[in-house]
**Student:** 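Sharing a structure, written as C-alpha cells. Questions coming.
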Amino acid sequence: MSYVGPEFDPSPSEGAGRPGGAGRRRRGPVVALGALAAAALLGWLAYEAVGSPGGPGGPDGAGGGPGPGGTAATSGKPPSGSSPASPASPSFPGDDAKQPGGAAGPLRGKVVVIDPGHNPGNVRHTAEIDRQVDIGTGHKECDTTGTATNAGYAEARFTLDVAHRLRALLEQRGVTVKLTHDGDSPAWGPCVDERARIGNAAHADAALSLHADGAAAGDRGFHVILPAAVREGAADTRPIAAASHDLGVRLAGAFLRATGEPPADYVGGGTGLVTRKDLGGLNLSTVPKVFIECGNMRNSTDAARLTSADWRQQAAQGMSEGIVSFLSGS
Ligand code: ZN
C-alpha cells in the first residue's frame with residue numbers, strides 16, 4: 001500500500017519526476033521480433049513510447065486501509081513454466097539476464113538486499129510501528145500494516161512470497177541475497193529507516209523494496225519508485241540517484257516483459273516510473289535502491305494476478321532479470 005500513512009504520505013509534488021530521466025533507454029524499438037512473445041513485445045513498445053518518467057504524478061492519497069492480516073496461503077514453491085521465451089538480442093536493458101550461460105561468474109560476490117514491504121506481524125504491533133522515525137525530509141511512522149485484496153490477501157504476505165521467489169532466482173545466478181526481514185523474524189517491522197540501514201550495512205550493489213498498492217478500485221498497473229536526488233537532514237540520495245534510476249528502468253522493463261502487467265494508469269504518466277522524496281526507505285539509502293508496486297490489490301484484475309502463484313513467479317523472474325541486468329552493467 002502505499003499511499004496511506006507513514007511510508008507513503010500523499011506527495012503529489014513528487015510525481016513530477018526528473019526531467020530527462022529517460023535518457024538511458026537505448027534503441028528501444030530495435031528488438032528481436034522473433035525472440036519475444038507478441039504480448040510482451042507490444043507491452044515493451046508501449047512502454048518505450050510513453051516518454052520520460054514521472055508524469056503528472058499520482059493521487060498518492062488513494063490507499064486502502066490496513067489489511068486484515070491475510071489468510072490466503074502462499075505455497076512458497078515457485079511453479080515452473082513461467083519463464084519468458086528465448087533470449088533476445090541485447091537491444092534493451094535486461095536482455096543479458098536471459099542469455100544462456102548466465103552471468104554467475106561475474107555476479108558472484110554481488111550483494112542484493114530484498115526488502116519485503118511491511119510485515120505480517122505489524123497488525124499485532126501497532127504501537128511499535130506507529131512511532132515516528134526520521135527520514136531526512138521529515139518524520140514518519142516506523143512502518144505500516146500494508147494493504148490487502150478485497151478477499152483478504154495481505155500485501156505483507158505477497159511481498160514475503162515474492163521475496164522468497166526472487167531470492168531463489170538471484171542465488172541461482174550466484175548473487176548473495178539478504179532480506180530485511182523474513183516473516184516472524186523480527187516479529188514486526190523493521191522500521192523504514194532500519195530497512196534502509198540494512199542495505200547500507202550490507203554494502204548492497206542493489207536494493208529492492210517490494211510492495212503492492214492500495215489505490216482506487218478502478219486503477220491498475222505497476223510502477224517503480226525512484227529516489228529523488230535530495231540532500232536534507234540525514235538524507236543524501238545524490239550519490240545513488242543516477243544508479244537507482246538505471247536500476248529502476250531495467251527493473252520496470254524486465255517486469256513488464258515477464259508479467260505483461262501494464263504500467264500504472266493512475267500515476268507516473270503511463271511510464272511505470274515515479275520519483276519521490278518522501279520515502280524513508282529510499283531517502284536513507286546509500287546504495288542503489290528502488291521500490292516496486294507490483295499492482296493494485298484493490299483492482300480486481302490486478303488482484304487476480306497478485307494472488308496467483310504462477311504470476312508471482314513471473315514477477316520474481318522479471319525482477320531477477322532486471323536486477324541481473326543492472327548488476328551486469330550491460
Ligand atoms: Zn506497501
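Quick caveat, the model's predicted, so the values are computed rather than measured. In listed order, ligands and their atoms are each counted from 1.
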**Student:** Name whichever N, O or S atom of His211 ends up nearest to the Zn ion (ligand 1).
**Tutor:** ND1

**Student:** Are any of the side-chain nitrogens in Arg131 or Glu141 under 4.0 Å away from the carboxylate oxygens of its partner?
**Tutor:** no

**Student:** Can Asp182 and His164 be counted as having a side-chain donor-acceptor contact under 3.5 angstrom?
**Tutor:** yes

**Student:** Give a rough value, rounded to 10 degrees, for the angle at the Zn ion (ligand 1) between atoms NE2 of His118 and OE2 of Glu155.
**Tutor:** 100°

**Student:** So, the side chain of Ser308 versus the backbone of Ala304: is there a donor-acceptor pair under 3.5 Å, distance only?
**Tutor:**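 No, the answer is negative, given that no donor and acceptor are paired below the 3.5 Å cut-off.
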
**Student:** So, Asp213 and the Zn ion (ligand 1): N/O/S under 2.8 Å, yes or no?
**Tutor:** no

**Student:** What class does the angle between the rings of Phe255 and Trp311 fall in, given that below 30° is parallel, 30 to 60° is tilted and above 60° is perpendicular?
**Tutor:** perpendicular

